**Student:** 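Below you'll find the structure I mean.
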Amino acid sequence: MKKLVLLAVGLMLACNSSQKTVTEAPKAPKIIDPVAYGETITEDDLKEHLYTYASDEFEGRETGTAGQKKAVEYLKSFYEEMGIAAAQGNGDYFQNVPLEVSKVPTGSISINNTTLELGENIVTFSAAKGEVNSIVYVGYGIEEGDYSDYNGIDVKDKFVLIKAGEPVENGIYPLTGTMEKSIWSNASEATGKKTEIALSKGAKGVFYYDALTFPRFRGYFEFMKNNNSGRMQLASDRNDNILIYLNEIAATAIKSDIESDNVATNVPVNLNLNITAGNDQINSENVVAVLKGSEKPDEYVIISSHLDHIGITGDGQINNGADDDGSGTVALLEIAQAFKNAADEGNGPKRSIVFLHVTGEEKGLLGSRYYTDVDPIFPLENTVVDLNIDMIGRIDPNYQGQRNYLYLIGSDKLSTELHELSEDINKKYTNIEFDYTYNDENDPNRFYYRSDHYNFAKNNIPIIFYFNGTHEDYHRPGDTPDKINYDLLENRTRLIFYTAWEVANKDDKLIVDKATD
């Protein structure tokens, strides 16, 4: 009997060993259709938010004013009610952005015993005191590649004189090697770049001659003076460096042949600076909330809009800023709610979503620059994208295409993958006509540099700027909630939500294949 039992056991073991081991196939990744969440973004909800946010009660939301404080409280209350956490570890939704307003300076300068009054032949927006007996003329003040106007010149602790433009020889621009001008001829960018080069080399201050642009600086100065206002800047930007804009009279008083001479040289001069100014401290804040990712919580998709506008004009009229950027602000709130609805049902994004409402955009992109350059709450190297929303509720009167359009700017500047993803998502969900007119490097409006996405782009973070173009009510009291096209606002907002959803849930980060130095 024992032998029979052993034999049976042996047979059983033999049979079992001959059977194939059955393993379960890996489960396919769970694919969530975002449409149900996108459809929670509705005209009615957008309108309800905007009629409050762009109401007279908020007084045009100028940076640092009581109206702007009401705006940030409204945003904070929304995120608290939704249960979306503050981005900062201390639980505060407000990222304090210290600002200063430079009061309009007063005074004059004396050049070789000729007195030039501030606001006439010279313009500056900061104090400048002291005596100067020598200025280093550096021609165009350009340094790029093998070309430098600073070769053999030491400007440390000295004042420099720079003129606008770039060299040209027989109709050819050496910096491009063609008949086309380079970026150094673009006043809106070259002035800052040339000044930065001089200061990086240790210059104490810059005298800048630009006959064509000087009237704009003088007009801005007169506006500040007449409205008793000043230039707002980040408090961290304050320094002792001096930048003085000159017209032809002032520039030739220093160097009579400045128009024709491009060779760097030391210029003896008897110059006395007697310009005084003061600063007022301003407190403002970004509002930042975050929805933590389920699988990649340390990678961040930022969706941004600016919370401020231009406030009340001198005649007492309120600039409500319903489109600029009330439309972007309420779109961001609805996108946040859609993501939270998904998360509450167990379908949260793989990556963290940062909802960033920045202050001071109208004052020079100050809130976004504070976030990127001074105090990034989340590491920039872990930031995957910035989708920036600035004016998406109206129709550009100059637009000649169909009504259902949107200008896209910057989608292809740093990431080919982002551009292609954006196109695919639109075709799949919203079918908006994308217009890339303002994405052209040669477009004179330079919108790529004029909204908050730029502070991310300059850090090689891929961006998309969503924009409906300007209109007759841009920066005017007529920018009111009743003029918003809420059906377009709904569809455009859904587009941005679907795009963010796709980026947040991709297996891999976006590829940055066009990074700049």
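From a predicted model like this one, the values you see are computed outputs, not experimental measurements. Sequence positions, counted from 1, serve as the residue numbers for this chain.
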**Student:** Taking atom types as modelled, find out whether Asn388 and Ser451 have a side-chain donor-acceptor pair closer than 3.5 angstrom.
**Tutor:** yes
**Student:** Closer than 3.5 angstrom, by distance alone: can the side chain of Thr178 be matched with the main-chain N or O of Glu180 as a donor-acceptor pair?
**Tutor:** yes
**Student:** Does the ring center of Tyr448 lie less than 6.0 Å from the ring center of Tyr438?
**Tutor:**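 Aromatic pair excluded; centres sit 6.0 Å or further apart.
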**Student:** If you round to the nearest 0.5 Å, how far is CG of Asp479 from CZ of Arg394?
**Tutor:**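 Going from CZ on Arg394 over to CG on Asp479, the span is 6.0 Å.
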**Student:** Please round to the nearest 0.5 Å and tell me the distance separating atom CG of Leu271 and atom CD1 of Ile135.
**Tutor:**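 With rounding to 0.5 Å, CG (Leu271) is 5.0 Å from CD1 (Ile135).
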**Student:** When you check the side-chain N and O atoms of Asp482 and Thr480, is any donor under 3.5 Å from an acceptor?
**Tutor:**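 The criterion, which ignores hydrogens and geometry beyond distance, is satisfied for Thr480 and Asp482.
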**Student:** Hey, would you say the Tyr209 and Tyr245 ring centroids sit under 6.0 Å apart?
**Tutor:**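 Centroid distance Tyr209-Tyr245: not below 6.0 Å, so no.
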**Student:** How about Asn468 and Tyr405: do any of their side-chain heavy atoms sit closer than 4.5 Å?
**Tutor:** yes
**Student:** For Tyr208, does the six-membered ring have the charged nitrogen or CZ of Lys163 within the cation-pi criterion, i.e. under 6.0 angstrom from the centroid and within 45° of the normal?
**Tutor:**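 Negative - Lys163 is either too far from the ring of Tyr208 or too far off its axis.
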**Student:** Would you say the side-chain atoms of Asp149 pair up with the backbone N or O of Ile142, donor to acceptor, closer than 3.5 Å?
**Tutor:**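 Yes: the side chain of Asp149 pairs with the backbone of Ile142.
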**Student:** Quick one: do the Lys129 and Asn274 side chains pair a donor with an acceptor below 3.5 Å?
**Tutor:**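 Yes, Asn274 and Lys129 have a side-chain donor paired with an acceptor closer than 3.5 Å.
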**Student:** Under 4.5 Å between any side-chain heavy atoms of Tyr137 and Ile162, yes or no?
**Tutor:** no
**Student:** Are a donor atom and an acceptor atom from the side chains of Gln281 and Glu100 found within less than 3.5 Å of each other?
**Tutor:** yes
**Student:** Could you tell me if the side chain of Thr63 sits less than 4.5 Å from the side chain of Glu362, heavy atoms only?
**Tutor:** no
**Student:** Would you kindly check if the NZ (Lys) or CZ (Arg) of Lys194 is within the cone defined by 45 degrees around the ring axis of Tyr140 and under 6.0 Å from the six-membered ring centre?
**Tutor:**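 No.
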**Student:** Between Asp513 and Thr416, is there a side-chain donor-acceptor contact under 3.5 Å, judged purely by atom types and distance?
**Tutor:** yes
**Student:** As a quick check of understanding, evaluate side-chain contact (heavy atoms from CB on, under 4.5 Å) for His306 and Asp324, giving each step before the final call.
**Tutor:** CA-CA 8 Å; His306 69 89; Asp324 184 15; 3.0 Å; yes
**Student:** Is the backbone N or O of Ser260 less than 3.5 Å from a side-chain atom of Asp257, with the two atoms forming a donor-acceptor pair by type?
**Tutor:**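 The answer is no, because no donor-acceptor pair under 3.5 Å joins these two groups.
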**Student:** With sequence neighbours excluded, what pairs up with Arg218 under the salt bridge (Lys or Arg N to Asp or Glu O under 4.0 Å) test?
**Tutor:** none
**Student:** Strictly by modelled atom types, are Asp452 and Ser368 linked by a side-chain donor-acceptor pair under 3.5 Å?
**Tutor:**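 Yes.
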**Student:** Taking Gln233's backbone N and O only, do any of them form a donor-acceptor pair with Lys363's side chain (distance below 3.5 Å, no angle check)?
**Tutor:**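 Not at all, since once roles are kept as given, no pair shorter than 3.5 Å links the two residues.
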**Student:** Within the 3.5 Å criterion, strictly below it, is a donor on Lys181 or Asn186 matched to an acceptor on the partner's side chain?
**Tutor:** no
**Student:** Checking side-chain polar atoms at under 3.5 Å, does Tyr79 have a donor or acceptor matched by the opposite partner on His357?
**Tutor:**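 Result is yes, a qualifying pair exists.
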**Student:** If I take atom CG from residue Asp323 and atom CG from residue Asp473, how far apart are they, to the nearest 0.5 angstrom?
**Tutor:** 9.0 Å
**Student:** Report yes or no: does Arg61 contribute a side-chain atom to a donor-acceptor pair with the main-chain N or O of Gly321 at less than 3.5 Å?
**Tutor:**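 Judged by distance alone, yes, a pair lies under 3.5 Å.
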**Student:** With the side chain counted from C-beta on, respond yes when Thr493 and Leu46 share a heavy-atom pair under 4.5 Å apart, and no when they do not.
**Tutor:**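 SC-SC contact between Thr493 and Leu46 confirmed.
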**Student:** Could you report the tightest heavy-atom contact between Ile122 and Glu117, atom names first, then the distance?
**Tutor:** CG1-O, 3.6 Å
**Student:** Please name all residues satisfying salt bridge (Lys or Arg N to Asp or Glu O under 4.0 Å) with Glu441, sequence neighbours left out, ordered by chain then number.
**Tutor:**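 For Glu441 the salt bridge (Lys or Arg N to Asp or Glu O under 4.0 Å) partners, ignoring immediate neighbours, are Lys413.
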**Student:** When you compare the side chains of Asp386 and Ser304, does any donor N or O come within less than 3.5 Å of an acceptor on the partner?
**Tutor:** yes
**Student:** Could you tell me whether a side-chain N or O of Asp443 sits under 3.5 Å from a main-chain N or O of Asn445, the two making a donor and an acceptor?
**Tutor:** yes
**Student:** Using atom types as modelled and distance alone, determine if a side-chain donor or acceptor of Asn485 lies under 3.5 Å from a backbone N or O of Leu488.
**Tutor:** no
**Student:** Do the ring planes of Tyr74 and His49 sit parallel (below 30°), tilted (30 to 60°) or perpendicular (above 60°)?
**Tutor:**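 Geometry flag for His49 against Tyr74: perpendicular rings.
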**Student:** When you check the side-chain N and O atoms of Gln68 and Ser284, is any donor under 3.5 Å from an acceptor?
**Tutor:** yes
**Student:** Using only heavy-atom distances, determine whether the side chains of Asp373 and Asn455 contain a donor-acceptor pair under 3.5 Å.
**Tutor:**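 No, Asn455 and Asp373 have no side-chain donor paired with an acceptor closer than 3.5 Å.
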**Student:** Can the ring centroids of His309 and Phe58 be said to lie less than 6.0 angstrom from one another?
**Tutor:** no
**Student:** Between Tyr53 and Asn320, is there a side-chain donor-acceptor contact under 3.5 Å, judged purely by atom types and distance?
**Tutor:**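 No.
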**Student:** Could you check, using the six-membered ring where one of them is a Trp, whether Tyr466 and Tyr407 have ring centers closer than 6.0 angstrom?
**Tutor:** no
**Student:** Could you check Thr313 against Asp315 for side-chain hydrogen bond (donor to acceptor under 3.5 Å, both in side chains), going step by step and ending with a plain yes or no?
**Tutor:** CA-CA 5 Å; Thr313 53; Asp315 57 2; 2.5 Å; yes
**Student:** Please confirm whether Phe465 and Phe447 have ring centers closer than 6.0 angstrom.
**Tutor:**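 So the answer is no for these two rings.
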**Student:** Test side-chain contact (heavy atoms from CB on, under 4.5 Å) on Leu489 and Ile484; report intermediate values, then the result.
**Tutor:** CA-CA 8 Å; Leu489 179 56; Ile484 296 295; 4.0 Å; yes
**Student:** A side-chain contact here means heavy atoms from C-beta on lying under 4.5 Å apart; do Pro462 and Phe456 qualify?
**Tutor:**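 Result no, sub-4.5 Å side-chain heavy-atom pair not found.
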**Student:** Identify, with sequence neighbours excluded, every residue that meets ring-ring contact (aromatic ring centres under 6.0 Å, His included) alongside Tyr436.
**Tutor:** His419
